[in-house]
Amino acid sequence: MSSEVRFTDFKSDKQPTWCPGCGDFGTMNGMMKALAETGNDPDNTFIVAGIGCSGKIGTYMHSYALHGVHGRALPVGIGVKLANPDLEVMVAGGDGDGYSIGAGHFIHAVRRNVDMTYVVMDNRIYGLTKGQASPTSREDFQTATTPKGPNQPPVNPLALALAAGGTFIAQSFSSDSQRHTELVKRAIEHDGFGFVNVYSPCVTFNNVDTYDYFRDSIVDLSETDHDPTDYDDAKRKILDLDKEYMGVIYQHDESVPYGRREGLSESMADIPDGAPDGATDLVREFY
Amino acid sequence: MPEDLNWAIGGEAGDGIDSTGKIFAQALSRAGRHVFTSKDFASRIRGGYTAYKVRTSVDRVDSVVDRLDILIALTERTIDENLDELHDGSVIIYDDERTTMQDVNIPEGMIGLPVPLKRLAEEAGGAIMRNVVALGAACAVAGFPIENLDEALEKRFGDKGRAIVENNEEAARLGQEYVAEEYDYDFGYELECTDADYVLLNGDEAIGMGAIAAGCRFYAGYPITPATDVMEYLTGRIDQFGGKVVQAEDELAAINMALGAARAGARAMTATSGPGIDLMTETFGLVATSETPLVICDVMRSGPSTGMPTKQEQGDLDQLLYGGHGEVPRFVVAPTTIAECFWKTVEAFNLAEKYQLPVYLTSDLSLAVTEQTFPPEEFDMDAVEVDRGKVVDESGIESWLDDKGRFQPHYPAEDGISPRAFPGTTDGAHMTTGLEHDSLGRRTEDAEVRVEQVDKRARKVETARREETWDYREFGDPDADTLVLSWGSNEGAMREALAFLDEKGIDVRFVSVPYLYPRPDLTPEVDDAETVIVVECNATGQFADLVEHDTLTRVERVNKYTGVRFKADELASEIEQKLAESPEVQA
């Protein structure tokens, strides 16, 4: 089936309710294209979505999917992938879901390096609750709940990922369809936890981190001689707060995903209709 | 009442109390004797009083009692802590050459038995074996041939090499000989050995073994007393059956990982205690409304908040029945014995998958830390049945597609149970969500669909009430005027309390309830009784409230919330006292 799959097969018949012009449209299209172009189909794909505007993605895409609890999408994805390594698992969420309420899970998911993809639609704002500061909002970004700005520096998700031992760290821009698709594809193909932070502008509530801002400031690493396997150079770029880099910033070329390290290769779904062979030995252990 | 011996070793945490006690329990079990153990311990790694107690008999023992016959006291505090249980003629073994034990005061009427534990251990090869010397000394007092220790010592020290095992055997022999030679005295005990073959295990291990037997392949958890043993049991063992234990970063992640594995088609579970249940309650509603089969095990301990982490309580019942915002069905099952921990775990997995909902499997600290002997036939693997419910594969999926060819994971079937397609099934792709959803699993706020889905989920409970047996376990005199009800681990103490009550001429019908939701309707039983007494380890009587609610009858309550489980003799006195106060009985 996979050779005939088109990216539109990943589209559900539900019309997105995102605001016209929302970056999430482009982010989702790139995800669907990347899935189709890497030989996946809706029946072998599992999407996990968090809460927020980004969380609606499970509804607009067609695949096996769970739209879960705020901030806990990554552990769900880990459970799915370990229980059935044959599935393509992609977790999607926003900057609030991933870096605020779910920040703890983010760090540990990076550490565990399960073979899955994590796409964060980073718009540096809480959109669904109508415009409050997010963990990636700028220090002086004024909102209804932060009239003086958050008054604390924004989270640097790429730095968190690198510090936690990330093996694939990329950043893309939702309106650069071709580059975004390519980066998600590379994350899917990566042997391990493929993390893509996507600049996905909110046209309604964020008048600072806009399409124009990103277009003007993004440095596309594919147009430089950046070597993503150079850890020190990746670290320098990730800690360089004056620039917005796009591309694969860091990739560990000898990454071995957790499931393989643990020897997990079979689906856990198939079980006998009674106790498994050898179960009686468990009783004997208690003699 | 069984002809029993009550033995204990106590000292400071870090003194090797647990492993010594376990060796003795195992030796008794191998000698064909029944064993029931308990532990006094604190939530710390070193220091603080800790004890391992063993009750043994050739008959089955199901409870601790308020009596201690032989005590190995490594510290003076061990004696003080057990004054209530020690009696005239109790034997206290201690090392009088230990500086802190030289001036130990042996209470009047008791037999102090100084044994140079450390010196004899050094003779056998090292001071570290002083507990085993004490074991040997205790065997001499109890009239228990020390050869019985050999197999248990091999099991404990075998991986350290033959020499270590032999040193320990020698240490036991020196302890035994010392008592035999120095104290030419008949202590009046002679522990009979039998040909019976027993297994010795605790409740957490029984739950872990039940999970593997039931086909559980994925376990995610976060360590917490007293549930950690479930996770430690499964680690390394579940792997042999194609499964995996994942230690998550917290309970929030643990339940979400288990949820993910269950969505992928694996039988999955997590186990925790009260504080973890609080965190997991966040995701509980999602599990329930997404209709995901999941077994969530709560090994209860004393609450609220951090409470008393190493103490017994049954305080979480309301939380399990009602926890979480909104309304959505869940089942609550509470095994009443260690063997039942095995069977109810198997059943919990079947219930979860047949009815596609979370099942709370709740045991408690008493079951978790007690090791008890059983004939191995009580864990008959051939009797384990796996029922996965309404799972559909490629061949059967077509009848569950809507007119546009879309799979309907929340199809409002008459019995409330929708089809389940594991990811990877062709044409089965579907989503589900914590939002209210339609039959396709897509969000909706449509009033009609909302009502349809709420009713559909509720119908699963009605179906389960009809299809399953929600029975109870009954003991004592079925025609007695006094009905005692309890749930969970109190069964053992109450079963033995019946014998104490019988001696006093008090007839009791005892009904032990393992199902809390759905649960048996006890109205006929309550109506038949003159006095109804509900026994439970909490302060407010959460189960008693349920009984009153269900039967519209006031009940008497016996509650214990000291952090210590009921003891059979103590419980018998409590019931006797309750009956003396009860107006019905007086009239």
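As a basis for the values below, the full set of heavy atoms in this structure was taken, side chains included, without hydrogen atoms, waters or symmetry mates. The chains referred to below are lettered A, B, ... by the order of the sequence lines, with proteins before strands, and numbering in each begins at 1.
In this structure, chain A has no heavy atom under 4.5 Å from any part of B/Asp380. For B/Ala262, no part lies near chain A; criterion is any non-hydrogen pair under 4.5 Å. Heavy atoms closer than 4.5 Å to chain A are found in the side chain of B/Ser290, but not in its backbone. Residue B/Ala220 does not touch chain A at all, counting heavy-atom pairs closer than 4.5 Å. When heavy atoms are compared at a cutoff of 4.5 Å, B/Phe422 approaches chain A by way of both its backbone and its side chain.
For A/Tyr64 (side chain) and B/Thr425 (main-chain N/O), a donor-acceptor pair under 3.5 Å exists by modelled atom type. Between the side chain of B/Asn256 and the main chain of A/Pro75, no donor-acceptor pair closer than 3.5 Å is present.
Counting only heavy atoms from C-beta outward, the side chains of A/Tyr287 and B/Gln26 never approach each other to under 4.5 Å. Under the 4.5 Å side-chain criterion, counting only non-hydrogen atoms from C-beta, A/His70 is not in contact with B/Glu282. Looking at heavy atoms from C-beta onward, B/Arg217 lies in side-chain contact with A/Pro276 at the 4.5 angstrom threshold.
Heavy atoms from other residues, nucleotides or ligands lying under 6.0 Å from CD of A/Glu189 number more than 12.
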Verdict with supporting geometry, B/Arg263 and A/Val76, side chain to side chain contact (heavy atoms under 4.5 Å, CB included): CA-CA 9 Å; B/Arg263 294 298 315 170; A/Val76 174; 5.6 Å; no
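Between B/Ala264 and A/Leu87 the shortest heavy-atom distance is CB-CD1, 4.4 Å.
Note: A/Leu264 leads A/Asp270, A/Leu264, A/Val48 in heavy-atom pairs under 4.5 Å with chain B.
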